[in-house]
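To keep things clear, I will list the structure first and then write my remarks on it.
Bear in mind the structure is a predicted one, so any value in this text is a computation, not a measurement. Chain identifiers are assigned alphabetically (A, B, ...) following the order of the sequence lines, protein sequences preceding nucleic acid strands; residue numbering begins at 1 within each chain.
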Amino acid sequence: MTGTAPDLAAGVTGAEAGMPVAAVALSCPACSAPIGDSDRFCEACGAELTPAVELPPPQTATVTAARACHECGGEVAPDGYCTQCGAGAVSERDHFVEEPAPWVAAVCDRGIRHDRNEDAVALHAGAEPGSHAVLVVCDGVSSSTDSDVASLAAARAARDVLAVSHPQALGTAATRLMATARAMEAAVDAANDAVIRHTTAGPGNPASCTFVAAVIQQSQLVVGWVGDSRAYWLPDAGAGQLLSIDDSFAAEQIAGGMSREEAENGPQAHAITRWLGIDAPDHTPRTASVDLTEPGWVLVCSDGLWNYCSEGDAMSALLHETASRTGSAPLDLADGLVDWANAQGGMDNITAALARVGPPTTAGPANPATTATPAVAATPATAAPDTATAPAPAAYQEEGTPDGNVLS
Amino acid sequence: MATFSAEVFQNEFLPDGGTDVHAIVTVTCSGAGEAGQSDSGDAGEIVIVDTSGSMGGDKIVAVQQAAAAALDQVLDGVWFAVIAGSHLPRLAFPVSPEPAMVRMDPQVRAEAKAAVGSFWADGGTAMGTWLRLATRVFSSVPNLAQRHAILLTDGINQHETPQELSAAIEEARGKFQCDCRGVGEDWQVAEVRRIATTLLGSVDLIARPEDMAADFEQIMRQAMGRGVAEATLRVWAPQGAEVLFVRQVSPTVEDLTARRHEVNPLTGGYPTGSWGDEARDYHVAVRLPAKSVGQEQLASRVQLAVGDTVAAQGLVKARWSNDDTLTARIDPAVAHYTGQAELAEAIQDGLAAKALGDTDTATAKLGRAVQLAAQTGNEEATSRLRKIVDIDDPETGTVRLRRSVSKLDEMALDTSSTKTTRVRK
């Protein structure tokens with residue numbers, strides 16, 4: 001936790017989360033002239049900076065300014081509680097948002113039942129809508145130590161690898177796809193290294209987390225995952241598609257013929273079979289891709305959201321229904337999805353990361369496909385509509401690829 | 001420089017739908033220094049002694065000695081005065097036609113002791129008039145930061161109406177603190193307790209006149225050790241919450257709830273008087289709107305403020321859970337002091353019923369008191385109760401009222417009823 005505080009404070013999250021944070025102003029230790037945080041030498045006196053510059057202690061940036069209460073808007077006292085309603089201040093780690101460009105945004109939230117937020121999200125996006133975006137979500141395994149620190153480090157490490165990987169110069173769509181798939185493997189390697197770096201030595205469960213990433217580039221979507229965090233393609237018209245196949249006991253049972261409802265509510269429903277961390281048996285991501293030929297939404301999320309809304313169609317309906325309330329700005333929509341999951345009980349940490357593909361939609365229930373869809377039931381996972389009548393999603397057939405091209 | 005600290009004892013877990021949060025907050029003061037030494041201003045002391053006709057004989061001699069013993073403890077530089085109380089109280093020292101006080105020094109001390117030595121017993125008892133005179137005497141010295149009095153009586157307030165006494169007590173409220181003592185068995189505990197409680201002081205029985213001097217010396221020494229002139233307990237509760245009660249529970253039980261004044265809409269201030277190096281425990285109960293299981297919030301900030309400065313703060317929290325093993329537990333400190341507060345009430349109610357001849361109520365209440373004293377390990381209360389009732393079974397509180405009971409034993413039980421024992425660690 002402490003290890004992440006300066007990052008969060010200096011990064012994009014504080015101000016956007018409505019929590020003003022004092023800017024971390026760095027100065028040269030030799031002459032006190034202002035310096036940038038990536039400068040290696042002082043512009044004013046030429047002193048070498050890298051070894052000498054120290055980030056301020058973790059807490060200074062987070063406790064200086066009076067913050068607004070997330071519940072009632074009152075002032076938060078230095079003791080960490082609201083002066084009006086007594087609600088505990090949400091730490092930056094417990095609730096943060098990212099919005100690297102107006103068409104890409106995410107909200108990462110502690111939820112209600114858990115004591116800390118072990119979900120993490122890291123985004124990258126080009127300014128031009130649809131040009132290039134990276135969305136990474138990691139869900140720390142709550143039974144392990146320091147998973148909150150490890151998951152954030154992992155998400156950022158993977159994001160950084162994928163953000164600089166631009167295989168657009170390469171020839172065909174097929175070779176681009178393969179290049180992105182290789183970049184995905186490199187990203188997971190980097191994420192896995194980050195988890196191990198943040199694993200506390202000694203007894204106890206080592207830090208571990210799931211991984212899911214989506215890369216949008218030149219009308220192509222590539223997703224890669226390890227564990228049970230998910231990627232969805234939710235076109236404005238037509239069926240929502242779940243692209244990833246959970247590495248979970250439940251998914252194995254579904255593959256073996258059990259109904260999704262039964263499997264996802266079974267005693268082992270949340271046991272994952274693959275993860276990142278020092279004790280991970282194998283962290284090679286499985287990947288899938290979709291050609292983005294129509295407008296819609298890419299959603300990358302943790303089980304804190306999909307536990308309440310599992311199927312592709314149900315997720316699509318939820319998204320459109322939420323947009324009718326929040327409007328269709330990605331950040332507002334992600335926030336609306338997180339609020340909805342909290343309203344269902346907030347049993348787990350919740351992360352929703354969204355990228356808009358195609359022109360922005362107007363707010364409100366404009367989409368005819370949406371109006372025909374029944375309201376999403378406020379019940380867990382598999383009580384979503386149509387399970388009885390609709391065929392099981394193809395993505396859950398080990399060999400099948402109708403929802404997307406399973407590459408590996 | 002005095003430093004305060006606050007420590008909270010509570011079970012923060014509430015069951016689903018639970019609303020009431022109880023906490024014991026221990027406030028500890030250290031480095032208080034001596035009275036009148038703080039930057040805020042000087043200290044003033046008034047010794048008020050009953051010199052009515054009933055004090056004749058050995059008693060007046062004992063009063064002279066007790067007042068002199070108290071004067072010996074008043075520090076040099078502290079403003080002081082002595083009032084001789086009857087139905088027409090007089091300023092015995094300093095000798096002045098108008099209300100006045102003087103600063104203590106060795107010369108003045110000798111003069112004051114001489115004046116006290118010439119006390120004679122005469123007249124009736126009207127304690128309200130003593131308090132009125134003390135209020136005027138204190139206000140004769142501007143900038144007194146700390147005002148404290150000792151009041152001694154031996155009889156019933158016969159020469160004024162209860163209403164007159166009440167009015168005088170109200171007039172003195174907040175103007176000075178007053179520790180009260182009754183000597184012998186002819187005074188009324190309830191009457192004197194009213195003065196002490198309103199004026200943030202103690203009440204106690206001095207059974208024998210010859211014990212007076214030691215008692216006065218001890219009270220005055222304690223008063224001189226209170227270097228923090230005035231502090232306020234502040235209790236914040238969130239919007240929409242209700243403060244059910246605020247109670248001092250150690251060293252004595254005092255319900256502070258009605259003494260609230262508004263600091264701001266969400267914060268009440270409760271005067272606590274002056275502080276020496278000591279610890280006091282407060283029981284705070286807050287009713288919150290229930291939140292859903294898993295949520296947490298602050299139920300109360302309990303602060304000690306000196307002037308406008310918050311010197312210590314304890315946080316009382318609430319967390320809703322559906323884990324019975326967490327929510328069912330009652331904090332030992334809360335349980336202990338809840339029992340001690342009920343014990344004080346049971347003793348006072350029992351003795352009042354006994355005085356009215358209501359044997360059934362008296363037996364039930366005192367039986368309950370015996371049971372509570374046993375449960376909370378208050379052995380002093382148990383031994384005092386034993387002089388009033390024969391105990392058949394302390395576990396069930398089965399008792400019989402004793403036929404012949406000494407009046408002094410009853411009064412000792414009454415005055416000590418509010419004294420609590422600390423939690424057994």
Pairwise side-chain contact, A/Asp115 with B/Glu296, heavy-atom cut-off 4.5 Å (strictly under):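 No. Closest side-chain heavy atoms not under 4.5 Å.
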
A/Glu71 side chain near B/Gln295 side chain, heavy-atom distance below 4.5 Å: yes

B/Ile330 atom CD1, over 12 foreign heavy atoms within 6.0 Å: no

Heavy atoms of other groups near B/Asp323 CG, more than 12 under 6.0 Å: yes

Polar side-chain atom of B/Arg301 near backbone of A/Gly86 as donor-acceptor pair, under 3.5 Å: no

Shortest non-hydrogen contact from B/Leu266 toward A/Thr83: CD1-O, 3.5 Å

A/Ile112 versus B/Val293, closest heavy-atom pair with distance: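 Shortest heavy-atom contact: CG2-O, 4.0 Å.
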
Value rounded to 0.5 Å, distance of [atom1] in [X] from [atom2] in [Y]:
| X | Y | atom1 | atom2 | answer |
| --- | --- | --- | --- | --- |
| B/Ser292 | A/Arg113 | OG | CZ | 7.5 Å |
| B/Lys291 | A/Cys85 | NZ | SG | 5.5 Å |
| A/Gln84 | B/Leu298 | CD | CG | 12.5 Å |

Which atoms of A/Cys72 approach chain B - backbone, side chain, both or neither, heavy atom under 4.5 Å: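 Neither the backbone nor the side chain of A/Cys72 comes within 4.5 Å of chain B.
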
